Amino acid sequence: MKKTRRRYLSFHLHSESSISDDKQLSTAIWKNLMSLYGEVSAADSKLYLVEFDEKSGEGILQCTAHSLDKVITSAVLIGSIGKKLVSFEPRRTSGTIKALKG
Amino acid sequence: MIIDLGVCVSDPKRLESFIQMAQKIGFTGFASDEIADDSYESFKNGVTILKRADVSGRGLKSIRKQVDSVRKHSMIVAVKLASIEVANWAAEDQRVDLLTLDPSREYRFRNTTARLAAASDTALEIRFEPLLHLAGLSRSKVIKTYRESIRIAVDSGMQVVLSSGAKHPLHMRSSLAIQHLGELLGMEPEFAENAVNQTPFDIVERNRSRFSSDYIADGVEIIRRRTDK
């Protein structure tokens with residue numbers, strides 16, 4: 001089986017107040033991914049929230065290289081999480097976490 | 001210079017929070033229709049704020065009157081697409097910068113309008129704010145309207161501008177984020193990049209030169225006056 005290439009995306013989540021639960025963020029991206037591109041694309045994306053700092057709003061997402069654009073679009077379209085308005089800002093993409101942090 | 005041409009600062013007290021958000025996400029300027037300032041361009045905390053006039057109405061007479069009165073005082077003049085008569089007139093009139101597509105109205109953007117607009121450098125404005133709070137079928141319908149209109153504009157050689165339509169600072173998105181939304185709406189990556197970065201800048205630069213005292217008409221300007229040495 002051919003190995004799928006992973007991509008890492010660093011982002012900043014701007015919000016009115018901090019998002020206390022990082023699961024809320026990954027669920028919101030999943031929901032948009034499913035709604036826009038369907039269940040198969042969402043499953044194939046292998047989306048995973050690697051890290052998220054609730055205070056600063058900065059974090060790193062992991063997904064397959066093939067689904068990177070779809071994941072970014074889905075995240076950008078999140079208008080609110082719970083009742084808090086948010087604005088997702090994609091920053092850098094890389095094949096390794098080390099390069100993102102460096 | 002990255003400019004968001006469609007920000008709606010409904011409350012002037014909130015202007016500061018829009019400026020802060022623009023700085024955070026890398027915008028150097030934005031245009032808004034609710035600017036109390038008389039000048040068509042102002043500069044606050046490192047961000048350029050441009051005066052924008054949104055013209056709407058069904059009758060051509062009323063639209064003409066509004067454009068006549070706002071053009072000299074606004075950096076950006078946008079006409080909401082409402083009827084074929086208004087759309088075709090606005091597309092041809094060089095004083096109009098943007099034709100704003102309102103997805104809530106039952107108006108279909110036509111090839112003929114797009115060709116007229118392409119000839120007079122009028123751009124189609126797509127605001128992504130409705131996509132942020134809609135979901136499911138209603139969002140799908142807006143995406144359909146936007147995709148169809150963008151395809152018609154691109155096929156006719158018309159410029160497209162992607163703007164936020166933000167009524168709250170957190171409705172604004174960074175340039176890279178908007179480019180991805182452009183691709184969702186059927187644009188090629190390079191075209192999407194231009195729709196966010198280059199086309200809005202070109203429109204503002206064109207209007208700045210029109211506001212200059214040396215401007216006579218498109219392509220005609222005073223190079224040197226008799227009194228100049």
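Below, each value reflects all heavy atoms present in this structure, side chains not excepted, and no hydrogens, waters or symmetry copies. A, B, ... follow the sequence lines: proteins, then strands. Residue 1 opens every chain. Bear in mind the structure is a predicted one, so any value in this text is a computation, not a measurement.
Between B/Val160 and B/Leu185 the shortest side-chain heavy-atom distance does not fall below 4.5 Å. Between A/Val50 and A/Leu61 the shortest side-chain heavy-atom distance does not fall below 4.5 Å.
For A/Asp44, the side chain to side chain contact (heavy atoms under 4.5 Å, CB included) partners are A/Val40, not counting sequence neighbours.
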Could you show, one pair per line, the donor-acceptor contacts under 3.5 Å between chain A and chain B?
from	atom 1	to	atom 2	distance (Å)
A/Asn32	OD1	B/Arg139	NH1	3.1
A/Asn32	OD1	B/Arg139	NH2	3.0
A/Ser35	OG	B/Arg139	NH2	3.1
A/Asp69	OD1	B/His180	NE2	3.2
A/Val76	O	B/Arg173	NE	2.8
A/Val76	O	B/Arg173	NH2	3.4
A/Ile78	O	B/Arg173	NH2	2.7
A/Val86	O	B/Arg173	NH2	3.3
A/Ser87	OG	B/Met172	O	2.8
A/Ser87	OG	B/Arg173	NH1	3.0

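If you tally non-hydrogen atom pairs under 4.5 Å between each of A/Val86, A/Ile78, A/Val76 and chain B, the highest count goes to A/Val76.
B/Ala90 approaches B/Val96 most closely through the heavy-atom pair O-CB, 3.6 Å. Residues B/Ala192 and B/Leu162 approach most closely at O-CD1, 4.5 Å, considering heavy atoms. Scanning both residues, B/Ile3 and B/Phe201, for their nearest heavy atoms gives CD1-CA, 4.2 Å.
The aromatic rings of A/Phe11 and A/Phe88 lie parallel to each other, with less than 30° between the two planes, well short of the 60° mark.
Contacts of B/Met21 with chain A are made by side-chain atoms alone, with heavy-atom separations under 4.5 Å and no backbone atom involved. Within the 4.5 angstrom heavy-atom criterion, only side-chain atoms of B/Ile143, from C-beta onward, approach chain A.
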